[in-house]
2 protein chains.
Amino acid sequence: MSTFGYRGPVSDRPFHHGNLRAVLLDQAETVLRERGIDALSLRELAREAGVSHGAPRSHFIDRNALLDALAERGFVRLADEIRDAVSRAPGDHARVLRAAGSAYLRFAVREPALLDLMFATKVDGPSGAVRSAAERLFDTMTGIMGVGVEAGAYDAGDVGRLTLLLSATVQGISALVTSRRIPTPQGEALVDDAITIFLAGVSAVR
Amino acid sequence: MSTFGYRGPVSDRPFHHGNLRAVLLDQAETVLRERGIDALSLRELAREAGVSHGAPRSHFIDRNALLDALAERGFVRLADEIRDAVSRAPGDHARVLRAAGSAYLRFAVREPALLDLMFATKVDGPSGAVRSAAERLFDTMTGIMGVGVEAGAYDAGDVGRLTLLLSATVQGISALVTSRRIPTPQGEALVDDAITIFLAGVSAVR
DNA sequence: ACCCGAAAGTAGACATTGACTAGTTTCTAG
DNA sequence: CTAGAAACTAGTCAATGTCTACTTTCGGGT
């Protein structure tokens, strides 16, 4: 990797890594996925990136800052995946919701520790970046639900509340699955049930 | 290490603490509540209990074992509180469910870090003790829901699934509140909405 | 009453880690 | 070209979890 380092330190590695921040985040995500949050060490990340143990500090003031960045990226990716799944699944509103919920659960199963991080209780609440990334996810969900208004599934004034409710439900099911309270297939069935009952309930109540 | 001769330690503190395990758990719970999980240190707990830093090892082989014990106690207490709230709130089935959901959310707000712990993703799944404590909570919920069967709210064969669904929903709402995505009062309103829609949906679907 | 093993606790050691600091190298804007 | 900022190195420190060897106390069986 010494493309141009005609005069690096001891090794031929250039002084500046180039994109250390992104590499650290990627590696951290892998560690999180494979060995859990307790195994996530700044020093180990630095070692594997081939930089000194102090280098990460230029990009993340704290271990916590690294975790926040991971959570933020998590929200962005989750929103992307949900949008993707929805766009790939045209059809009636129920089908769309199922696709969204299913994508959410898939993400949870693939990245359980990351999801934990995303909804972790912080002493002083979430950082600004995490909060706004979470809000963007919520906006995505709201957009999906909004289609139901046009389809006559619910009133425009209720979309916010109902989006929150359905999101919470899917998040709760995901928590049951990732904490191994129920197996994944049962979680998937539960998502379907949830959406069926949700839609029936909403239309019955109003 | 007979630096202090044949007598006990310098202080008049007896060699055996007496109920160190319980004291450690209580203190740990307080730390968890007030300063979060990152501030939870075995050595600090030992210091404040007035024992050596190795003493906790007699009761908890690991920091993880301590956390498991906390999670287990958390499930037991949550189940107790829900039973309590339900017993104190007679009335129709909807009211009972609201009392249960409300108690769940109150617990979550009071002990957010503990709830995180209870549903944390562990690399190798929950320990046996945690798992069975969680199952006892689920049994409690099932019992509450079972009353609805007699009241004709749902079929006996659906109780398991529906209990899971409602539990997940309340857990998800709690996660939204403890992660500061929504304020507590909104969470409370959401629990009410959830139960209303749930009951309406269930009776509409079957 | 005694003994002996198990349980509970002490103390010391060790590697690892997060965090901080001072100094060095590279980049970049003016 | 240069000055200052950004990125990185290297050293240090206190704290922690974990392990081990040892000591004290407890309690049951004879």
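Just so it is clear: chains get the letters A, B, ... in the order the sequence lines come, proteins before strands, and each one is counted from 1.
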Round to the nearest Å and state the distance from [X] atom [atom1] to [N] atom [atom2].
X     : N      : atom1 : atom2 : answer
A:N64 : C:dT17 : CG    : C1'   : 15 Å
B:I37 : D:dG17 : CD1   : C1'   : 14 Å
B:N19 : C:dA7  : CG    : C1'   : 15 Å
A:L24 : C:dG18 : CG    : P     : 12 Å

Checklist line | Any donor-acceptor N or O pair under 3.5 Å, side chains B:S41, B:R47 | finding: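 No pair is found: no donor N or O on one side chain lies under 3.5 Å from an acceptor on the other.
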
Next item on the list: Examine the side chains of A:S102 and A:R106 and answer whether a donor and an acceptor come within less than 3.5 Å of each other.
Entry: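 Yes - a donor-acceptor pair under 3.5 Å links their side chains.
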
Next item on the list: Confirm from the modelled atom types if B:H53 and C:dG9 form a donor-acceptor pair under 3.5 Å, side chain to base only.
Entry: no

Between [X] and [N], does any side-chain N or O lie under 4.0 Å from OP1 or OP2?
X     : N      : answer
B:S52 : C:dT10 : yes
A:R57 : C:dC20 : yes
A:R63 : C:dT17 : no

Next item on the list: Answer with base, sugar-phosphate or nothing: what part of the nucleic acid does B:I61 contact at a heavy-atom distance below 4.0 Å?
Entry: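 Counting heavy atoms under 4.0 Å across all strands, no contact is made by B:I61.
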
Margin query: For a quick check of understanding: with a heavy-atom distance under 4.0 Å over all strands, which category does B:H59 fall into, base, sugar-phosphate or nothing?
Written below: sugar-phosphate

Next item on the list: Kindly write out the residues that satisfy salt bridge (charged side-chain N to carboxylate O under 4.0 Å, His left out) with B:R35, not counting sequence neighbours, or none if the list is empty.
Entry: B:E44

Checklist line | Over 12 non-hydrogen atoms of neighbours within 6.0 angstrom of CZ in B:R110 | finding: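 Yes, CZ of B:R110 has more than 12 neighbouring heavy atoms, counting only those of other groups under 6.0 Å.
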
Check: Take atom CZ in B:R95; do more than 12 heavy atoms of anything else shown fall under 6.0 Å from it?
Finding: no

Note to self: Just to be sure I understand the geometry, which residues of residues 40-48 of chain B put a non-hydrogen atom under 4.0 Å away from DNA chain D?
What the structure shows: B:L40, B:S41, B:L42, B:R43, B:R47

Next item on the list: Would you check if the distance from the ring center of A:F119 to the ring center of A:F75 is below 6.0 Å?
Entry: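 That pair passes the under 6.0 Å test.
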
